[in-house]
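Here the structure is laid out as structure tokens; the discussion comes afterwards.
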Amino acid sequence: MEAVPPQGAITLAKALDRALALHQAGRAEEASDLCRSILRARPEQAETRCLLGTIAFGQGRLEAAGALFAVTAALAPGFFEARRNLAILEQAAGRPAAACHHHRRALALRPEDGATHLALALLHGQIGDEPEAVAWLRQGVTRAPGFLPLREVYAGFCERAAVRAFGGGDPEGAARFCEQALSLLREAPAVTEALRDLLERLVRVALIVGRPALAMELLAIKDPLDFPEVPPLDIDRFPLSLLPFPAWCAAAGFRHETWRAPAQEPDETLASAAPEWLRAQIDRLPALAREPVGVALDAEIEVVQGFYVKDNYESHLLAGRRFLLQEVADTVVHGARVPLVAVTPGATAGAFRLPRPLYRTVTIDHPVLFLPSTPNYWHFLVEVLPRLMVRERAAETRPLPVLLFDVRPYHREMLQLVGLPAEQVIDARELAGPDSAQILYRLSRAAVPSAIPYPAAYRWLRERLLPPQRRDGPPTRRLYLSRRGSAPKHRIANDAEVAALLADRGFETVQPERLGVLETIELMAEAEVVVAPVGAATANQVFLPPGGRWVHLCNPDFFHPDSRWNPQMGVQIPLLGRFHHLAGRFTDDPASRPDDLLARLDIPVRIDPDALGRLLDEVLLDGVLAHPPAPSGSGPG
């Protein structure tokens, strides 16, 4: 016959369960009363006393909680939770050394507890004892191999150490830390979202220190996060060398032609007056202007379409999948379901993944002139359109159809303005059909123009697009390019107030998205002063007349020392009319503001009307002094 448990034990278990349920339901006083009732009957009961201490801790009564935990530990020396709770209480009280002492006592009772190892590592990290923190992480991974947070924190430490080593001139040391992180993550029981950014950073470090095979192994761990529905064997994963245009052509054995395009020379006065943060970029303008441009002919390439390629970074590979054309070293391409990752500023290698089931292949056998694509007005005007100068230099490219992706109406207008007949434009979507987001295009005979350096691009755009009668005409108009009717990005919070202030000084408010390309160019060519927030419309600076002024309204971080736009702004400003910028103030909650500088561009800013008024008065006065009105009368007597 089965033994019946003593009635008291049943009552105690039920009472403890009831007290815990009350605590979890937020009924702290009722839970405390029940715990005290149990302790009157069973003063030695450790679980009950520990629960009472936990309730006191939650109420902020640290002294009472500490006394309860200490008594529990004394009455039940083998009770792990009492020691752990004492450690948590000491840490909350700002006594990390005491917290470490109790965590070590707890660990002696349960050596395989991963959370306690992690807590000791984090505490020593806060104290500043990094070697001891690493020692606890290492020991924790050994004793609790299935506790994933330990591996995440340890791998994060390795990534930061790798960055420090690389910054300190020790690329081999950086590679060793990446290998250590790889070992930790390869043996992890799972791959979590928390690891996504960490893995991408590790891949970039591995590439920048010249370890592409290591980068590939790290990417293999990242694949299930990015492509959960694709079997690992269906993902092409390979490193690439990033090459400038002439080296790219030479590596592939492409027949090609290169030349040096005439460049718009920077104005020495403007360059010397530019802000100090642009100095390094301005100093590189002469070298930039001398960069060769050209075109590869009869090139066999693959073009991966399905992600937004920005900042002159191209996605065309040689068919052998060994070399990727790198036109500017200042780009990072990343994002979910994006095949190209781990392109680091200044790197000479990249990592490429092609999940085959997600992509359709479209083969184009007939010769085409291939242009990169972007839905962005600025990038298309400044970085894509000038590549058509190859049609003027290489006669055999002139009759070729021009292949573009995602052709917009304003694209077509720009192309016609530079002399490309509409019937010569092929929209890749028409070849692939409406579902053309993830496509691998194979081009067997493509003419591929190189990127055009900004000084050469700006000169060509002015020569091809400025109305001849406007090139040297006196500037007469004052324009405010408002974003009030466009997407929330870059919007001025007090747009109406700014427009009213400008109207009092003779400015017209214009919404660029309502204008055609030619209308916009003609307006810019007549402008004495343009006021505009940051955005794609700033590309129209290229059409300012000599002496025109541009007042750029931006957020406080736009010219941050770490901003990725400094190089881009640096190569524009000295090539154009005089440039001024005025930072507004953010209108959001600082606690919710993203760390990423690019994401902050989306936050509306408020422009101080008084500051704008003072700046405009200076700009307009400067313009009058630079261009005094002609004297009245009929000339000398």
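Values reported hereafter were calculated over all heavy atoms of this structure, with side chains retained and with hydrogens, waters and symmetry mates removed.
When the side chain to side chain donor-acceptor pair (under 3.5 Å) test is applied to Thr587, no partner is found at least two apart in sequence or on another chain.
Counting only heavy atoms from C-beta outward, the side chains of Thr116 and Phe80 approach each other to under 4.5 Å. Residues Val153 and Leu118 form a side-chain contact, since some pair of their non-hydrogen atoms from C-beta on lies under 4.5 Å apart. Taking the side chain as every heavy atom from C-beta outward, Arg151 and Glu187 approach each other to under 4.5 Å. Residues Ile364 and Leu431 meet the side-chain proximity criterion, which asks for heavy atoms closer than 4.5 Å. Side-chain atoms of Arg606 and Phe586, non-hydrogen and from C-beta on, never get closer than 4.5 Å to each other. Side-chain atoms of Pro212 and Leu207, non-hydrogen and from C-beta on, do get closer than 4.5 Å to each other. Phe177 is not listed as a side-chain neighbour of Val209, based on a closest heavy-atom distance of 4.5 Å or more. Within the 4.5 Å cutoff, no side-chain heavy atoms of Leu440 are placed close to those of Arg360.
A donor-acceptor contact closer than 3.5 angstrom is absent between the side chains of Glu513 and Tyr377. There is no side-chain donor-acceptor pair under 3.5 Å between Glu159 and Gln180.
A side-chain donor-acceptor contact under 3.5 Å links Thr72 to the backbone of Leu68. Side chain of His411 to main chain of Arg408: a donor-acceptor pair is present (N/O by atom type, distance under 3.5 Å, no hydrogens or angles). Listed for the Arg196 side chain is a donor-acceptor partner under 3.5 Å among the backbone atoms of Leu225. Between the side chain of Asn494 and the backbone N or O of Ile607, at least one donor-acceptor pair lies under 3.5 Å. Between the side chain of His23 and the main chain of Ala19, no donor-acceptor pair closer than 3.5 Å is present. With hydrogens and angles disregarded, no donor-acceptor distance shorter than 3.5 Å links the side chain of Ser183 to the backbone of Glu179. Distance alone, capped at 3.5 Å, is enough to place a donor-acceptor pair between the His117 side chain and the Asp113 backbone.
The minimum heavy-atom distance between Val384 and Pro372, with the atom names listed, is CG1-O, 3.4 Å. Of all heavy-atom pairs between Phe69 and Cys50, the closest is CE2-O, 3.4 Å. The two residues Met216 and Pro239 have their closest heavy-atom pair at SD-N, 3.5 Å. Of all heavy-atom pairs between Gly584 and Pro556, the closest is O-CG, 3.1 Å. Closest heavy-atom contact between Pro224 and Ile221: CD-O, 3.1 Å. Closest of all the heavy-atom pairs between Tyr410 and Asn376 is OH-C, 3.2 Å.
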For this session: Kindly indicate, with the supporting measurements, whether the criterion salt bridge (Lys or Arg N to Asp or Glu O under 4.0 Å) is fulfilled by Arg237 and Asp223.
Result: CA-CA 10 Å; Arg237 189 187 312 109; Asp223 283 340; 2.5 Å; yes

For this session: Report the C-alpha separation of Phe405 and Tyr441 in whole Å, then their side-chain angles, then the decisive distance to 0.1 Å, and conclude whether the ring-ring contact (aromatic ring centres under 6.0 Å, His included) test is met.
Result: CA-CA 11 Å; Phe405 303 95; Tyr441 294 90; 4.8 Å; yes

Exercise. Can you check salt bridge (Lys or Arg N to Asp or Glu O under 4.0 Å) on Glu112 and Arg143, steps first, answer last?
Worked result: CA-CA 5 Å; Glu112 75 289 352; Arg143 293 186 174 178; over 6 Å; no

For this session: Start with the C-alpha gap between Trp136 and Leu107, add the side-chain angles, then the distance that decides, and say whether side-chain contact (heavy atoms from CB on, under 4.5 Å) holds.
Result: CA-CA 11 Å; Trp136 283 112; Leu107 205 56; 3.4 Å; yes

For this session: Applying side-chain contact (heavy atoms from CB on, under 4.5 Å), run through Leu198 and Glu152 and close with a yes or a no.
Result: CA-CA 9 Å; Leu198 171 62; Glu152 292 175 348; 5.7 Å; no

Exercise. Would Lys222 and Asp226 count as a salt bridge (Lys or Arg N to Asp or Glu O under 4.0 Å) if you check the C-alpha gap in whole Å, the side-chain angles of each, and the deciding distance to 0.1 Å?
Worked result: CA-CA 7 Å; Lys222 190 170 182 281; Asp226 293 335; 2.7 Å; yes

For this session: Take Val134 and Tyr154, measure what side-chain contact (heavy atoms from CB on, under 4.5 Å) needs, and give me the verdict at the end.
Result: CA-CA 7 Å; Val134 173; Tyr154 198 176; 3.9 Å; yes

For this session: Decide yes or no on salt bridge (Lys or Arg N to Asp or Glu O under 4.0 Å) for Arg356 and Asp236, but give the supporting numbers first.
Result: CA-CA 7 Å; Arg356 291 190 303 274; Asp236 292 342; 2.3 Å; yes

Exercise. Between Leu16 and Thr48, is a side-chain contact (heavy atoms from CB on, under 4.5 Å) present by the stated rule, with each step listed?
Worked result: CA-CA 7 Å; Leu16 266 174; Thr48 304; 3.1 Å; yes

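Separation of atoms CG (Asp427) and CG (Leu403) is listed at 8.5 Å; rounding is to 0.5 Å. In this structure, the separation between CG on Asn85 and CZ on Phe57 is 8.5 Å, given to the nearest 0.5 Å. Atom CD1 of residue Ile127 and atom CG of residue Leu122 lie 11.0 Å apart, to the nearest 0.5 angstrom. With rounding to the nearest 0.5 angstrom, the CG atom of Leu202 is 5.5 Å from the SG atom of Cys178. In this structure, Arg164 CZ and Asp170 CG are separated by 12.0 Å, a value rounded to the nearest 0.5 Å. Leu137 CG to Leu120 CG: the interatomic distance, rounded to the nearest 0.5 Å, is 10.0 Å.
With Leu123 as reference, His103 is the one residue of His103, Glu132, Glu90 to meet the side chain to side chain contact (heavy atoms under 4.5 Å, CB included) rule.
Within 6.0 Å of atom CZ in Arg104, more than 12 heavy atoms from other residues, nucleotides or ligands are found, so the atom counts as buried in its surroundings. For CZ of Arg105, the number of neighbouring non-hydrogen atoms (other residues, nucleotides, ligands) closer than 6.0 Å is 12 at most.
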